[in-house]
2 protein chains.
Amino acid sequence: MADGTLHETVARLLHAQQQRLTPTRTVIVDVLGASDRPLTIPEILATRDGLAQSSVYRNLVVLEQAGAVHRLVTGDFARYELAEDLTGHHHHLVCSNCGRIDDLPATPAVEKSVQAAVDQAAAAVGFSTQHHRLDLVGLCADCAN
Amino acid sequence: MADGTLHETVARLLHAQQQRLTPTRTVIVDVLGASDRPLTIPEILATRDGLAQSSVYRNLVVLEQAGAVHRLVTGDFARYELAEDLTGHHHHLVCSNCGRIDDLPATPAVEKSVQAAVDQAAAAVGFSTQHHRLDLVGLCADCAN
DNA sequence: CTTTCTGCAAACGATTTGCAGCAGC
DNA sequence: GCTGCTGCAAATCGTTTGCAGAAAG
């Protein structure tokens with residue numbers, strides 16, 4: 001997705017919540033958009049000087065409520081990524097040794113069978129599925145040696 | 001799994017780490033084993049009187065390191081369940097409205113396609129998969145109305 | 001007896017919030 | 001001007017840890 005389009009899309013999501021696309025929010029969206037994996041708050045802060053920690057926290061809440069950003073907690077602290085509407089559906093590779101998390105683009109074959117078989121089982125117990133999360137836990141290339 | 005067998009299995013896991021199956025640990029294992037969904041610390045504390053919060057936290061760490069208990073963080077705080085070795089592989093139904101999490105037994109069909117297709121994609125980027133986590137996010141029976 | 005477990009209370013650290021100043025409309 | 005955003009510092013809250021007594025071997 002081109003940057004211009006990304007900014008426009010986020011701006012639209014924010015406006016729907018009576019929120020603006022401020023400079024700080026633009027920076028956060030750019031940082032997340034430039035990464036191929038979910039980032040922690042310290043990682044976001046480290047990319048640019050002049051970002052206040054509390055502002056990043058606060059804006060991530062706003063961006064998450066607007067549906068532009070997704071929060072995920074796997075280890076000891078939270079990580080953030082652009083919402084799948086903006087980046088496309090994907091899964092995560094979680095390294096059980098070093099905690100690193102990478103993105104793995106979804107494969108159509110898996111998606112289809114997951115949706116079909118699991119949604120059916122879920123519906124049987126009265127659960128209406130909105131979306132799913134699939135994480136693979138194992139050793140990343142570095143930790144596997 | 002019969003209770004006797006469960007206790008024996010957990011005791012064996014603990015002994016492998018030079019740890020004992022103490023009364024508090026037995027209680028925790030029983031509480032988790034009696035539940036069909038992962039429990040929070042407050043929920044565990046509420047089931048029995050006389051449990052000290054710090055002891056529960058400390059013993060859950062020990063039980064997790066021994067491989068008897070699994071910790072998962074989805075919302076604002078952690079939840080615990082018996083390890084899949086003891087309960088069998090399953091997925092989670094996460095209610096996006098009330099935060100409730102229920103277990104969903106794994107279906108052989110999905111497992112097979114997930115393992116095959118996703119593991120292959122992961123291996124292509126140098127990742128060696130140990131296991132996977134599949135959560136369905138949506139509305140539980142109560143919240144769907 | 002020595003080592004481990006327990007419970008209390010204090011410490012910790014990631015995240016949240018109150019407040020005063022600044023920017024946008 | 002009024003309303004919302006920012007940054008600082010203080011508060012919050014789930015979780016961890018130090019310590020002294022109790023329990024297990």
Side-chain angles (χ1 to χ4, degrees), chain A residues 7 10-32 38-66 68-81 99 101, chain B residues 7-8 10-32 38-66 68-81 99-101:
Chain A
H7 288 170
V10 173
R12 201 176 319 121
L13 289 169
L14 286 169
H15 290 159
Q17 309 277 311
Q18 281 67 250
Q19 300 278 353
R20 306 178 212 156
L21 179 55
T22 62
T24 306
R25 291 173 189 166
T26 305
V27 168
I28 293 174
V29 168
D30 286 344
V31 170
L32 293 180
L39 298 177
T40 63
I41 302 276
E43 286 171 341
I44 296 172
L45 289 171
T47 57
R48 313 282 174 108
D49 278 346
L51 283 182
Q53 191 184 45
S54 62
S55 289
V56 172
Y57 273 108
R58 236 180 314 224
N59 284 310
L60 283 170
V61 170
V62 172
L63 288 166
E64 191 189 13
Q65 288 178 339
V69 157
H70 181 67
R71 172 192 198 168
L72 56 107
V73 192
T74 295
D76 288 331
F77 27 69
R79 290 168 186 272
Y80 294 85
E81 63 186 0
I101 301 185
Chain B
H7 288 170
E8 280 173 34
V10 173
R12 203 176 316 122
L13 288 168
L14 286 169
H15 291 157
Q17 309 277 312
Q18 282 67 250
Q19 299 279 354
R20 307 177 212 156
L21 179 55
T22 63
T24 306
R25 291 173 190 165
T26 305
V27 168
I28 293 175
V29 168
D30 285 344
V31 170
L32 293 181
L39 298 177
T40 63
I41 302 277
E43 286 171 341
I44 295 173
L45 288 171
T47 57
R48 314 282 175 109
D49 278 344
L51 283 181
Q53 191 185 46
S54 62
S55 290
V56 173
Y57 273 107
R58 234 179 318 225
N59 283 311
L60 283 170
V61 170
V62 172
L63 288 167
E64 190 188 13
Q65 288 179 340
V69 157
H70 181 66
R71 172 191 197 165
L72 56 107
V73 193
T74 294
D76 289 329
F77 29 69
R79 290 169 186 272
Y80 294 85
E81 63 186 0
R100 178 186 177 90
I101 299 186

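Both backbone and side-chain heavy atoms feed into the values below; hydrogens, waters and symmetry mates do not. Below, read A as the first sequence line, B as the second, and so on, with proteins coming before strands; counting in each chain starts at 1. All values reported here derive from a predicted model rather than from experimental measurement.
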How many whole angstroms separate atom [atom1] of [X] from atom [atom2] of [N]?
| X | N | atom1 | atom2 | answer |
| --- | --- | --- | --- | --- |
| A:L63 | D:dT6 | CG | P | 10 Å |
| A:H15 | D:dT3 | NE2 | C1' | 15 Å |
| B:R79 | D:dG14 | CZ | P | 13 Å |

**Study point:** Divergence of helical axes at both termini of the helix from C:dC1-D:dG25 to C:dC25-D:dG1 - five pairs an end, 10° steps
**Key:**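 So the angle between the two local helix axes works out to 30°.
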Rounded to the nearest 0.5 Å, what separates atom [atom1] in [X] from atom [atom2] in [Y]?
| X | Y | atom1 | atom2 | answer |
| --- | --- | --- | --- | --- |
| A:I28 | A:I41 | CD1 | CD1 | 8.0 Å |
| A:R58 | A:L63 | CZ | CG | 13.5 Å |
| B:L45 | B:S55 | CG | OG | 9.5 Å |

Any N/O pairs under 3.5 Å between the protein and nucleotides 3-10 of chain C? List them or say none.
from, atom 1, to, atom 2, distance (Å)
C:dT4, O4', B:R20, NH2, 3.3
C:dC5, OP1, B:Q19, OE1, 3.2
C:dC5, OP1, B:R25, NH1, 3.0
C:dC5, OP1, B:R25, NH2, 3.2
C:dT6, OP1, B:T22, OG1, 3.0
C:dT6, OP1, B:T24, OG1, 2.6
C:dT6, OP2, B:N59, OD1, 3.2
C:dT6, OP2, B:N59, ND2, 3.0
C:dG7, OP1, B:G50, O, 3.2
C:dG7, OP2, B:S55, OG, 2.9
C:dG7, N7, B:R58, NH2, 3.2
C:dG7, O6, B:R58, NH2, 2.7
C:dC8, N4, B:S54, OG, 3.1

State, with a plain yes or no, whether a side-chain heavy atom of [X] is found less than 4.5 Å away from one of [Y].
| X | Y | answer |
| --- | --- | --- |
| A:R25 | A:V62 | yes |
| A:Y80 | A:L39 | no |
| B:L72 | B:T74 | yes |

Nucleotides 11-15 of chain C: which of its N/O atoms have a protein N/O under 3.5 Å away?
from, atom 1, to, atom 2, distance (Å)
C:dT15, OP1, A:A78, N, 3.1
C:dT15, OP2, A:Y57, OH, 2.5
C:dT15, O5', A:Y57, OH, 3.3

Practice item. Look only at the side chain of B:Q17 and the backbone of B:L14, and say whether a donor-acceptor pair between them is shorter than 3.5 Å. Key: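 No: the side chain of B:Q17 does not pair with the backbone of B:L14.
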